[in-house]
Q: 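Let me give you the structure first, and then I'll get to my questions.
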Amino acid sequence: MTTFLIAHIVIGLIGVMASYAVLMGLLKKRLSLAFLKTAGFAAFLAYITSWVTGGYYYVLRYGPVVKPIIKDGGSPWAHAFFMEAKEHIFLFMPVLAFVLWVLFVAAGARIEKDARFKSAIIALASLVTALGIYVALSGVVISGAH
Amino acid sequence: MTRRFLNQAMVLWGAIIAVLWISLSTIFGELLQPFKDFLAVTFTHHWIGKSIITVAIVFLFFCAAWMFRRTDMQTIPRGLVWLLFWVSLCGVIAIIIFFALHAF
């Protein structure tokens, strides 16, 4: 079961790094569409894999075993706030990463030419990266409380 | 043969509805226990239910985007990307405030 937790953390972090790479790629003056497509797909794939492995661990191990220990311990807020928010905010990330990747594939040329359209894409990529960092840090707090 | 392009606006609408679903089902799932129980009974766990329905929404809209491909390279309304951004940001903030009020 620990394997699933480790896979969830490592692959999730790879997803956050890929999202950050997408954001940095968008901020460059000269866009590399090939890089954005690859990094965007890597982020999407990592979040999907992290979703499945994390979900397996969450339902079969965290809920029945870890959650009661945290709730009865000295930091019950680690579950009540950080875990509850994290498990739902995570669901946004694969959806937004998918949209970014589709836009890179289908509307890449427009991102290069239309600065205002590019600004909207940058805002979306920033949000995915920020959510990834928030979710990762929440995981650290929850692990610390266990 | 005429080239046909994916209907990108439909993909964006799918994501907007999925994000709304995640936000509303999370908050109302906590406020309305029968709704949370319904998800848990139907999908074995409320979180799995929310996840499966999220995937289903995105998948259905992607299929629709494929079926309703266009022969012209459409200009995606920039507003749709901003709408997705703001709906997502508001959803995240609502979830954080909701669980903060519950926990502390």
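This one's a predicted model, so the numbers in the text were calculated from it and none came from an experiment.
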Q: If hydrophobic clusters are built by linking Ile, Leu, Val, Met, Phe, Trp and Tyr wherever their side-chain heavy atoms come under 4.5 Å apart, do A:I69 and A:V140 end up in the same one?
A: no
Q: Using non-hydrogen atoms and a 4.5 Å limit, figure out which bit of A:F82 sits close to chain B: side chain, backbone, both or neither.
A: neither
Q: Counting only heavy atoms closer than 4.5 Å, note whether B:F98 contacts chain A via side chain, backbone, both or neither.
A: neither
Q: Are A:V10 and A:Y62 linked, directly or through intermediate hydrophobic residues, by side-chain heavy-atom contacts shorter than 4.5 Å (ILVMFWY only)?
A: no
Q: Could you tell me which of B:V11, B:V92, B:I95 has the largest number of non-hydrogen atom pairs under 4.5 Å with chain A?
A: B:V92
Q: With a cut-off of 6.0 Å (strictly less than), are more than 12 heavy atoms of other residues, nucleotides or ligands near NZ of A:K118?
A: yes
Q: So does B:M67 have more than 12 non-hydrogen atoms from other groups sitting under 6.0 Å from CE?
A: no
Q: Tell me, out of B:A18, B:S51, B:A100, who's got the most heavy-atom pairs with chain A below 4.5 Å.
A: B:S51
Q: Linking I/L/V/M/F/W/Y whenever any side-chain heavy atoms sit under 4.5 Å apart, do A:V59 and B:L39 land together?
A: yes
Q: Is any side-chain heavy atom of A:I89 closer than 4.5 Å to one of B:I96?
A: yes
Q: Which value, rounded to the nearest 0.5 Å, describes the distance between B:F85 atom CZ and A:I122 atom CD1?
A: 12.0 Å
Q: Is chain A contacted by the side chain of B:I48, its backbone, both, or neither, given a heavy-atom distance below 4.5 Å?
A: side chain
Q: Contact part of B:H45 toward chain A, heavy-atom cut-off under 4.5 Å: side chain, backbone, both or neither?
A: side chain
Q: What distance separates B:E30 CD from A:H88 NE2, expressed to the nearest 0.5 Å?
A: 6.5 Å
Q: Working to the nearest 0.5 angstrom, can you tell me the gap between B:W47 CH2 and A:F90 CZ?
A: 7.0 Å
Q: More than 12 foreign heavy atoms under 6.0 Å from OH of A:Y20: is that the case here?
A: no
Q: Assess whether atom OH of A:Y134 is packed by more than 12 heavy atoms of other residues, nucleotides or ligands within 6.0 Å.
A: yes
Q: Between B:F104 and A:F81, what is the ring plane arrangement, given parallel below 30°, perpendicular above 60°, and tilted in between?
A: tilted
Q: Rounded to the nearest 0.5 Å, how far does CD1 of B:I53 lie from CG of A:L91?
A: 11.5 Å
Q: Closest heavy-atom contact between B:G91 and A:F92?
A: C-CZ, 4.1 Å
Q: With a 4.5 angstrom heavy-atom cut-off, could you sort out which part of B:L89 is near chain A: side chain, backbone, both or neither?
A: both
Q: Could you tell me whether the side chain of A:V95 reaches within less than 4.5 Å of the side chain of B:W21, counting heavy atoms only?
A: no
Q: If I compare all heavy atoms of A:A120 with all of B:W82, which pair ends up nearest, and what's the gap?
A: CB-NE1, 3.5 Å
Q: Are A:V52 and A:V16 connected in a single hydrophobic cluster, I mean Ile/Leu/Val/Met/Phe/Trp/Tyr linked by side-chain heavy atoms less than 4.5 Å apart?
A: no
Q: Spell out, yes or no, whether A:W51 and B:F59 are grouped together once hydrophobic residues are joined by side-chain heavy atoms under 4.5 Å, including indirect joins.
A: no
